[in-house]
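Worksheet: the structure to be examined is printed underneath.
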Amino acid sequence: MFVGRIKILIIDRVSEKFVKQLADKGFDIDYRPGINREELENIISNYNILVFRSRMKIDRDLIDKGHNLRILARYGIGLDNVDIDYAIKKGIAVVNAPNASTISVAELTLGLIIMIFRNLYNYIEHVKRGLWPKGKFIGRELYGKNLGIVGYGRIGSRVAHYGRALGMNVYVYDIRDVRNDVEKIGGKQVEFDELLEVSDVISLHVPLTPLTYHMINDNVLNKVRDGCVIVNTSRGEVIDTYALIKHLDRLGGVALDVLEQEPPRDEILFQLIHHPKVIVTPHIGAETVEAMDRIADELYNSIMEVIDWL
Ligand code: NAD
């Protein structure tokens, strides 16, 4: 049982609706988006619930300082910045909103694929500079091309549907047996190597785990087709940045919503970002009005469920 008023600290930007829902329940809420690590360490012991996004590492050190923590609430999906095992060992519940951003991330992925195939970023940039480069960057259609989906979960399966709707051939690699589901939409589950060899576009939708860390590396990139397009809206660490840069000349284009280092600081990241074949968005997969709204509801419900049985 919680004793006294529940105190909640929110350390990243969240929707007003979410804050209001919690405030309406009479909880004490401190909204400190952007708070730095040192400040957080100094005050975390005052709170029962910590709400955060992907910016802060919720590691052992921080968890140990949160003497009164009962719930870690990730405002979004990815839990790779949380030491979940340790939190659970300390009796702290970990909740997130795994379904809320699926549609938004899948739609962004499709947008990025089209952006690359039609060279839209080059055209847009030239026209903004007052030029009219008609015919300079001839694009390619998606129709009839092979779409390789790595990770056929919530987001990957939706991207696969979009690909099928556009007349693409869908190839899926997943550690789970998803053959039946994939075949239902007219796709094919294959081994990783086969996916690498056949795909015109490879779209990454795996969680970050020890198995998926640098899953796209030099060895793997050696196997992809010349002109293959790589799209990553999952987690930056799934791709080895150095290997990707090494293979850029052979690739058709790269679109990334996530980087190994966010925001980028190291020279290697800027080398990637400035390359003419690469487009980068600043981790905006879930940044839509609708996803934000759904995250607020899903996370609020999960927090309330945990509070009910604490
Ligand atoms: P999910 O858990 O529903 O699906 C992940 C799939 O990957 C599962 O089918 C799983 O079996 C498969 N998988 C796991 N390890 C694998 C491996 N080693 N090899 C092959 N397949 C493997 O996850 P989801 O909701 O679809 O999210 C996918 C990714 O998108 C995650 O990395 C998540 O963090 C990321 N994401 C990004 C944003 C963004 O803003 N860009 C927003 C939300 C989610």
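All values reported here derive from a predicted model rather than from experimental measurement. Read the numbers this way: they start at 1 and go in the same order the structure lists the ligands and their atoms.
Every atom of ligand 1 is numbered from 1 in the order shown, and the set under 4.0 Å from a heavy atom of Y173 is 19 (N), 20 (C). Close contacts of ligand 1 with Y152, meaning ligand atoms under 4.0 Å from a residue heavy atom, involve 9 (O). Each of the atoms 39 (C), 40 (O), 41 (N) of ligand 1 lies under 4.0 Å from some heavy atom of H283. Listed by number with element, the atoms of ligand 1 under 4.0 angstrom from any heavy atom of R176 are 8 (C), 9 (O), 10 (C), 11 (O). In summary, the atoms of ligand 1 found under 4.0 Å from a heavy atom of T212, numbered by their order in the structure, are 15 (N), 16 (C), 17 (C), 18 (N). The A286 neighbourhood of ligand 1 comprises atoms 40 (O), with distances under 4.0 Å to a heavy atom of that residue.
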For D177 and R179, what are the C-alpha separation, side-chain angles and deciding distance, and is it a salt bridge (Lys or Arg N to Asp or Glu O under 4.0 Å)? CA-CA 6 Å; D177 182 354; R179 210 166 324 164; 3.4 Å; yes
Check the pair R158, E107 against salt bridge (Lys or Arg N to Asp or Glu O under 4.0 Å), reporting the backbone distance first and the verdict last. CA-CA 9 Å; R158 191 164 269 271; E107 287 184 0; over 6 Å; no
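For atom 30 (O) of ligand 1, the closest non-hydrogen atom of the protein is I155 CD1, 3.6 Å. The single protein non-hydrogen atom nearest to atom 42 (C) of ligand 1 is V105 CG2, 3.3 Å, given as residue, atom name and distance. Looking only at heavy atoms of the protein, atom 44 (C) of ligand 1 is closest to I77 CG2, 3.0 Å. Considering only non-hydrogen protein atoms, atom 14 (C) of ligand 1 sits nearest to P207 CD, 3.5 Å. In terms of protein heavy-atom proximity, atom 28 (C) of ligand 1 is closest to H205 O, 3.3 Å. For atom 37 (C) of ligand 1, the closest heavy atom belonging to the protein is T233 O, 3.1 Å. V206 O, 2.7 Å is the protein heavy atom nearest to atom 32 (O) of ligand 1. Counting only heavy atoms of the protein, atom 2 (O) of ligand 1 lies nearest to R154 NH2, 3.5 Å.
Contact check on D59 versus R37 returns a salt bridge, with a Lys/Arg side-chain nitrogen under 4.0 Å from an Asp/Glu carboxylate oxygen. A salt bridge links K17 with D297: the closest approach of a Lys/Arg side-chain nitrogen to an acidic carboxylate oxygen falls below 4.0 angstrom. Taking a cutoff of 4.0 Å between a charged side-chain nitrogen and a carboxylate oxygen, R129 and E125 qualify as a salt bridge. The pair D28-K7 does not meet the salt-bridge criterion, since no charged nitrogen lies less than 4.0 angstrom from a carboxylate oxygen. Ion pairing between R13 and E287 holds under the 4.0 Å rule for side-chain N and carboxylate O.
Only the side chain of S101 comes within 4.0 Å of ligand 1, judged by heavy-atom distances. Looking at D257 against ligand 1, only its side chain comes within 4.0 Å, counting heavy atoms.
Taking a 4.0 Å cut-off on heavy atoms, T209 fails to register as neighbouring ligand 1. At least one heavy atom of M215 sits closer than 4.0 Å to an atom of ligand 1. Assignment of I175 to the shell around ligand 1 is supported, since a heavy atom sits closer than 4.0 Å. Heavy-atom separations between T102 and ligand 1 are all 4.0 Å or longer.
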Side chains of residues 267-274: which donor-acceptor partners sit under 3.5 Å, not counting sequence neighbours?
{"from": "H274", "atom 1": "ND1", "to": "F270", "atom 2": "O", "distance (Å)": "3.1"}

Distance-only criterion, 3.5 Å: show the donor-acceptor pairs between side-chain atoms of residues 85-92 and protein atoms not counting sequence neighbours.
{"from": "Y86", "atom 1": "OH", "to": "D64", "atom 2": "OD1", "distance (Å)": "2.6"}
{"from": "Y86", "atom 1": "OH", "to": "D64", "atom 2": "OD2", "distance (Å)": "3.2"}
{"from": "K90", "atom 1": "NZ", "to": "D64", "atom 2": "OD1", "distance (Å)": "3.0"}

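Residue I284 has no nitrogen or oxygen atom sitting less than 3.5 Å from a nitrogen or oxygen atom of ligand 1, judged on distance alone. When only interatomic distances are considered, the shortest N/O to N/O separation between L211 and ligand 1 does not fall below 3.5 Å.
Close placement of the F18 and Y75 rings is indicated, their centers lying within 6.0 Å of each other.
Between the side chain of E260 and the backbone N or O of T241 there is at least one donor-acceptor pair closer than 3.5 Å. A distance-only check finds no donor-acceptor pair linking the side chain of E237 to the backbone of Y213 [under 3.5 Å].
Each of Y121, F137, W132 was evaluated against H126; a single residue qualifies, F137, per the ring pair (Phe, Tyr, Trp, His ring centres under 6.0 Å) test.
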